Amino acid sequence: METDKPLGKGSFYLTTPIYYVNDAPHIGHSYTTVAADALARYERLKGRDVFFLTGTDEHGQKIYRAAQACNETPETLVNQVVERYKCLWKNLFVSNDDFIRTTEPRHTRRVQKVFQRLCDKGDIYLGEYEGWYCTPCESFWTTGQLIEGKCPECSRTAERLKEVNYFFKLSKYRDKILQHIDRNPEFIQPESRRNELRNRLLAGVDDVSVSRQSLPWGIPVPMDPEHTIYVWIDALLNYITALGYDDEMERFNRYWPADVHLIGKEILWFHGAIWPAVLMALDLPLPKKVFAHGWWTIEGQKISKSLGNAIDPLKITEQYGVDAYRYFILREVPFGMDGNFSYTMLVHRINSDLGNDLGNLLMRSLTMIEKFSDGKIPSPQGTREEDINLTEGAARLETKLDEEMKALQFSQALETVWEFVAQTNKYIEESKPWVLAKKDKQALSTTLYNIAEALRLISIHISPFMPQTSREIFSQLGIPEEDRFQRSERTWGKLKPLTKTKKGKALFPRIEMSAQLA
Ligand code: ME8
């Protein structure tokens with residue numbers, strides 16, 4: 001007997017990077033968070049006990065200087081900018097379970113404890129740092145790593161630094177990390193990034209500086225408060241401090257290790273080398289997967305403050321809608337590759353995939369149900385070969401989607417759903433309900449039922465990506481809230497005949513190219 005209980009496949013913990021609050025969020029930040037949200041919603045749909053964490057990285061030289069530049073205290077700046085992040089996530093329907101700020105006491109006290117423990121263990125020691133520092137990346141570099149005197153990551157000018165610092169024994173863990181990477185091909189994804197990381201580790205690693213001298217904006221080193229803890233150590237620890245490590249262990253024990261850390265490719269070193277080493281030093285298991293996705297450019301150019309081309313995602317969603325934006329960023333580029341944002345492509349996707357394919361499917365289906373069945377979903381009567389094809393298509397869709405979501409191939413997953421949208425449109429063309437209405441009422445009933453049933457399943461499958469559109473389709477089909485997402489509702493044939501449909505407005509009205517923002 002089927003039950004509506006969750007599948008009980010256990011917990012699923014996923015995270016985004018915690019973003020710097022020196023400046024407002026742009027589409028790059030929204031990309032990782034929306035991808036994480038789609039995954040979180042998908043896993044919840046599967047019955048997993050999901051914990052989805054995002055937050056903000058609020059300490060360090062970069063934020064300190066940003067505050068100075070606008071004559072604010074760092075506290076004022078971070079309190080202002082964090083609201084922009086929170087507001088954006090709300091607007092984008094992001095369903096995070098927690099939001100951690102690194103200035104919160106629950107975080108700072110736990111970071112200090114971890115730092116102390118690593119010192120006690122002998123994995124952190126006092127030394128002298130001489131080298132370079134890139135403030136925008138908050139990264140230490142050796143002379144050999146600089147490219148033409150510039151930061152190899154962001155190509156900006158690095159500063160010479162000579163100061164007494166605490167060091168973490170990264171070198172001690174190098175072989176163990178390499179071994180872990182080799183034994184667990186799923187650990188670092190995609191594969192090309194794993195190879196880059198491996199090569200960098202193989203080339204040899206130095207111990208890393210984990211404190212800054214006389215930088216007033218950070219968490220003080222517990223036994224030496226003249227120093228502040230290096231912002232990257234502070235930040236990485238959010239993934240466990242948010243779970244309560246290590247003074248409220250219930251949540252931690254329930255969710256750690258993380259199933260996936262979603263990050264951008266530029267911060268893989270921190271997540272694929274430094275973070276595993278810290279976890280090893282703490283005798284904690286490593287996250288199951290770190291996925292480093294690619295970068296968005298805007299109309300072909302890197303998103304940067306100096307170019308002034310960063311787009312506020314709220315501007316896009318105001319004009320084009322939240323779900324259209326979510327669909328576009330996840331569909332347009334295979335997860336892992338770089339992509340280019342252009343309004344032309346956005347409008348194209350809205351008009352073709354969302355308007356023509358999905359929106360018209362709903363509209364024409366409900367129009368036919370109104371016209372030929374008095375606005376009520378008829379009972380299916382008999383099964384023809386074309387009906388079997390459609391139900392098989394639905395079953396294939398579910399299996400394929402599972403594989404693609406497991407591999408975090410969001411774009412492919414959406415393509416798979418759209419193959420089924422196309423199959424349903426084709427089913428209508430071939431079944432010709434308008435002809436059946438005149439000569440075969442039984443086949444007409446079956447056909448109209450099947451079309452509505454296909455739409456119901458489409459609505460379930462798009463819900464992780466486009467929650468609002470999913471709700472809209474359900475409500476136009478007349479399906480009450482309680483019948484939408486239970487596990488037993490996911491198989492073909494669960495749509496109740498005689499359901500009264502409520503045709504509403506077009507899901508994605510056509511946008512004329514001339515109405516573009518840009
Ligand atoms: O690095 N394309 O924060 P951050 C795609 N605080 N994704 C982009 C992007 C782009 N053009 N620009 C930013 C930090 N991102 C640290 C993280 S985690 C313990 C600490 C996304 O504000 C992408 O996820 O610079 C990238 O890794 C992240 O934002 C960097 O955000």
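Keep in mind that this is a model prediction, so the values were computed, not measured. Each ligand, and each atom within it, is numbered from 1 in the order the structure gives.
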* Looking at F335, F328, Y31, which one forms a ring-ring contact (aromatic ring centres under 6.0 Å, His included) with F410? ->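 Considering F335, F328, Y31, a ring-ring contact (aromatic ring centres under 6.0 Å, His included) with F410 is found only for F335.
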
Contacting atoms of ligand 1, where contact means under 4.0 angstrom from a heavy atom of [X]:
| X | answer |
| --- | --- |
| A235 | 19 (C) |
| D57 | 6 (N), 16 (C), 20 (C) |
| I303 | 11 (N) |

* Asked: Does G294 have a non-hydrogen atom less than 4.0 Å from ligand 1?
  -> yes

* Give a yes/no on ligand 1: does H293 have at least one heavy atom closer than 4.0 angstrom to it? =>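 In this structure, H293 qualifies as a contact of ligand 1 - some heavy atom is under 4.0 Å.
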
* To do: Compare Y20, W296, Y19, F341 and give the one whose heavy atom is closest to atom 1 (O) of ligand 1.
  =>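 Among Y20, W296, Y19, F341, the closest heavy atom to atom 1 (O) of ligand 1 belongs to Y20.
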
Considering both backbone and side-chain atoms of [X], is one of its nitrogen or oxygen atoms within less than 3.5 Å of a nitrogen or oxygen in ligand 1?
| X | value |
| --- | --- |
| I267 | no |
| W232 | no |
| G28 | yes |
| I263 | no |

Taking the ring centre of each residue, are [X] and [Y] less than 6.0 Å apart?
| X | Y | value |
| --- | --- | --- |
| Y245 | W256 | no |
| W232 | F168 | no |
| Y320 | Y325 | no |

Return the closest protein heavy atom for [atom] as residue, atom name and distance.
| atom | result |
| --- | --- |
| atom 24 (O) of ligand 1 | T32 OG1, 2.6 Å |
| atom 26 (C) of ligand 1 | E266 OE2, 3.0 Å |
| atom 12 (N) of ligand 1 | H26 CE1, 3.3 Å |
| atom 17 (C) of ligand 1 | I18 O, 3.2 Å |
| atom 19 (C) of ligand 1 | Y239 OH, 3.5 Å |

* **Side chain, backbone, both or neither: K302 near ligand 1, heavy atoms under 4.0 Å** => neither

Salt-bridge test for [X] and [Y]: reply yes if a basic N is under 4.0 Å from a carboxylate O, no otherwise.
| X | Y | result |
| --- | --- | --- |
| K62 | E138 | no |
| R251 | D97 | no |
| E186 | K288 | no |

* Asked: Cation-pi between R41 and F93: NZ/CZ under 6.0 Å from ring centre and within 45° of the ring axis?
  -> no

* To do: Please identify each residue that fulfils salt bridge (Lys or Arg N to Asp or Glu O under 4.0 Å) with K172, with sequence neighbours left out.
  => D123

* Structure fact -> Only residue of R110, R117, R109 satisfying salt bridge (Lys or Arg N to Asp or Glu O under 4.0 Å) with D246 is R117

